[in-house]
Amino acid sequence: MNNGNPHPAIVLRAITKTYKTGALEVPVLHGIDCNVARGEYVAIMGPSGSGKSTLMNIIGCLDRPTSGTYVLDGEDVSNLNDNALAEIRLKKLGFVFQGFNLLARTDAQKNVALPLFYAGINGRERQRRAMAVLDEVGLRDRAHHKPNELSGGQQQRVAIARALINDPAVLLADEPTGNLDTKTSADIMALFDKLHDGGRTILMVTHDEAIARRARRIIRLLDGLIVADEPSSLTVP
Amino acid sequence: MYFEEAVRMLLANPVRTFLTIIGLIIGVGAVISIEVLGHSMAGSISETLGALADNSFIIFPGTMQGDFQKAAIRLSDLDAIKNSVPNIASATPVSGTDELIRYGHNLGRFFLSADSNPPFANTPIAYGRRISDDDIANAVDVTVISWKAYNRLFPAGGDPTGSSIYAGTHRYVVVGVRAQPRQGALNVTFGGDVSIPYTTYVREYVHGDRILAARFTVNDISTLPQTETAVINRIRELRQVGPDVRYQSFDKASFTQGINGVFSAITIVVALIGAVSLLVAGIGVMNIMLVSITERTKEIGTRKAIGARRGQILAQFFIESLMLSSIGCFIGMAIGLGIGGFVNSVFIIKLTGYTAPLPYAQAMAITAAFAAFVTAVFGTYPALRAAALDPIEALRYE
Ligand SMILES: Nc1ncnc2c1ncn2[C@@H]1O[C@H](COP(=O)(O)OP(=O)(O)O)[C@@H](O)[C@H]1O
Ligand SMILES: [Mg+2]
């Protein structure tokens, strides 16, 4: 997947973020530098308030850095307008949320196909591709179940399928197992392992050390700075 | 897809959807039902007036003036007018008298009147023919009778032409029967029950030169109002009276105009009611859309995160408003047509003997305009607000 592409998936250079609330300026990120190569599986850790979500929002093109350069999949996205950022999210990024964020009253297949609708792809093709991705996450037989007819783990799989359907350059997950029990979390982590083995680039925020150790690389944030960036020592049991 | 999602949203909360659109249902329902009734009333009046010939007008002196005797039109004026005012095709006296009419043993009191060709009323003929130019030229003793007179005098039915009826000692041969006009309380029958050539009438019933009124027909209907004025001026000259003496004229076009004036006043009132109900209902639509958008803030954030552009969020909520107002307006239309049709069939038909077909095309146009208006005015702001939501804020919303 994208193996012929020479660019790193993510290049961050001197990224800062300062929130302005009225006259008050809250500096949150103080200069983040890092590269994520294609096919890497990275966990971001850090105490609450250290800037993990802020960084994820910038990497996810939901927000722009105050200064610095962000190159995603070979394209400088540091200063794009709202619609251009939406286009990048649509084509190059896949989001997995802690709370699944599926559309209620809408079956799994339609939830998964939603990004394709926004990409202007016709209904038949949407259905076909949604079924293929549901198959990949092991939920082909639940395609016509609504979210309230699925377990938490199954809902998160549907959300992962939705994140994958546009074949994104990077899969972003903010606490993907935060709402799940240990057993189900293990299933979801096994799915991430499988996706990583398949060549996906994955970036995951977690505060669970055990979960983080499933990734191949751990970035630690403290007060808006990277304080550690090292390979994960533990091999998957 | 937008429509599918909009339907899903509206069905997810059926009670709320219904409460939101009930104002639209009532507003549009009221406007459409009044529209239907106005349409059938106007239709029945023009149907009734349709029995009057288009190309004629009647002039009579104003009855409330002192020198009525002096103002009265003379029989001899008619030829003078016909010869001097352009565009006049015929000038005939309008007059009539109540007579006891007899056929065999059947009797009835009927209005015997002077008629000309073309006739006073263009009611279709059931038997025989109308009064002809020959009948008038030769003052022949023939008559065309109304359906009412026919039923009284010829209870056995059948074609009565060739039979003789009597008004006192005068004998008239029936040459035609006018068909039954539409039956309704508001309907007026034009023309007498026993019409005879006006020349015959003048010979038998007019003593002296004065006549009640005069009826004129014109060659060119487009200049009928000018011809009316010219005739009145000529009558003033002939009678040697000043402009203070009033003559009234009656023609189908100006009468219809008067009626239409009344209906356009009704239309304005209905439009105002419609506007107020639309305003109230529209605010309801806007309110519920804003509530719905607040409830779905997180969903909107999610949609934006996965790549929905502003325009796509805007379209989703705009279409939802459109569906909401369209459903309300079209249910209102159906109810309005139902009420209008019901009142037409149980009430208007008794009053006028006539119902116009339901104005479906007009109702559709009005309803579509209402729905478009409500959506444009009250659906745009909520949709813009949804589209403008910041994805990060929206995703954080609980
Ligand atoms: N929109 C905002 N306006 C002002 N301050 C913010 C905003 N978002 C986050 N912050 C602040 O930035 C800091 C980092 O927040 P965040 O990135 O959410 O941390 P984490 O996800 O690591 O807990 C916190 O102190 C938080 O209060
Ligand atoms: Mg956070």
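Ranked by heavy-atom pairs under 4.5 Å with chain A, the list B:P391, B:A305, B:G311 is led by B:A305. The candidate with the highest count of non-hydrogen atom pairs below 4.5 Å against chain B, out of A:L172, A:L62, A:N166, A:L102, is A:L62.
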Which is it for B:L395 and A:N57 under the side-chain contact (heavy atoms from CB on, under 4.5 Å) test, yes or no, and what are the steps along the way? CA-CA 11 Å; B:L395 278 170; A:N57 287 341; over 6 Å; no
A:L103 vs B:R303, test: side-chain contact (heavy atoms from CB on, under 4.5 Å). Steps then yes/no. CA-CA 9 Å; A:L103 301 188; B:R303 288 172 183 274; 3.2 Å; yes
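The OG1 atom of B:T302 lies 12.5 Å from the CZ atom of A:F100; values are rounded to the nearest 0.5 Å. Atom CZ of A:F117 is separated from atom CD of B:E5 by 6.5 Å, given to the nearest 0.5 angstrom. Taking CZ of A:R126 as the reference point, atom CE of B:M1 lies at 5.0 Å (rounded to 0.5 Å).
Within a 6.0 Å radius of NZ in B:K298, other residues, nucleotides and ligands contribute more than 12 heavy atoms. Within 6.0 Å of the NE2 atom in A:H207, the count of heavy atoms belonging to other residues, nucleotides or ligands does not exceed 12. Heavy atoms from other residues, nucleotides or ligands lying under 6.0 Å from OH of A:Y19 number more than 12. Taking a 6.0 Å sphere around OH of B:Y2, one finds it holds more than 12 heavy atoms contributed by other residues, nucleotides or ligands. Atom CZ of B:R309 sits in a sparse spot, with 12 or fewer heavy atoms from other residues, nucleotides or ligands closer than 6.0 Å.
With a 4.5 angstrom heavy-atom cutoff, B:I306 touches chain A via backbone and side-chain atoms both. For B:E398, no part sits under 4.5 Å from any heavy atom of chain A, backbone or side chain. Within the 4.5 angstrom heavy-atom criterion, atoms from both the backbone and the side chain of A:D63 approach chain B. At a 4.5 Å heavy-atom cutoff, B:E393 makes no contact with chain A through either its backbone or its side chain.
Closest heavy-atom contact between A:R105 and B:R8: O-CD, 2.9 Å. Here the shortest heavy-atom pairing between B:Q312 and A:Y118 reads NE2-O, 2.9 Å.
Near-neighbour residues of residues 74-96 of chain A relative to chain B, defined by a heavy atom under 4.5 Å from a heavy atom of that chain, comprise A:D82, A:N83, A:A86, A:E87, A:R89, A:L90, A:F95.
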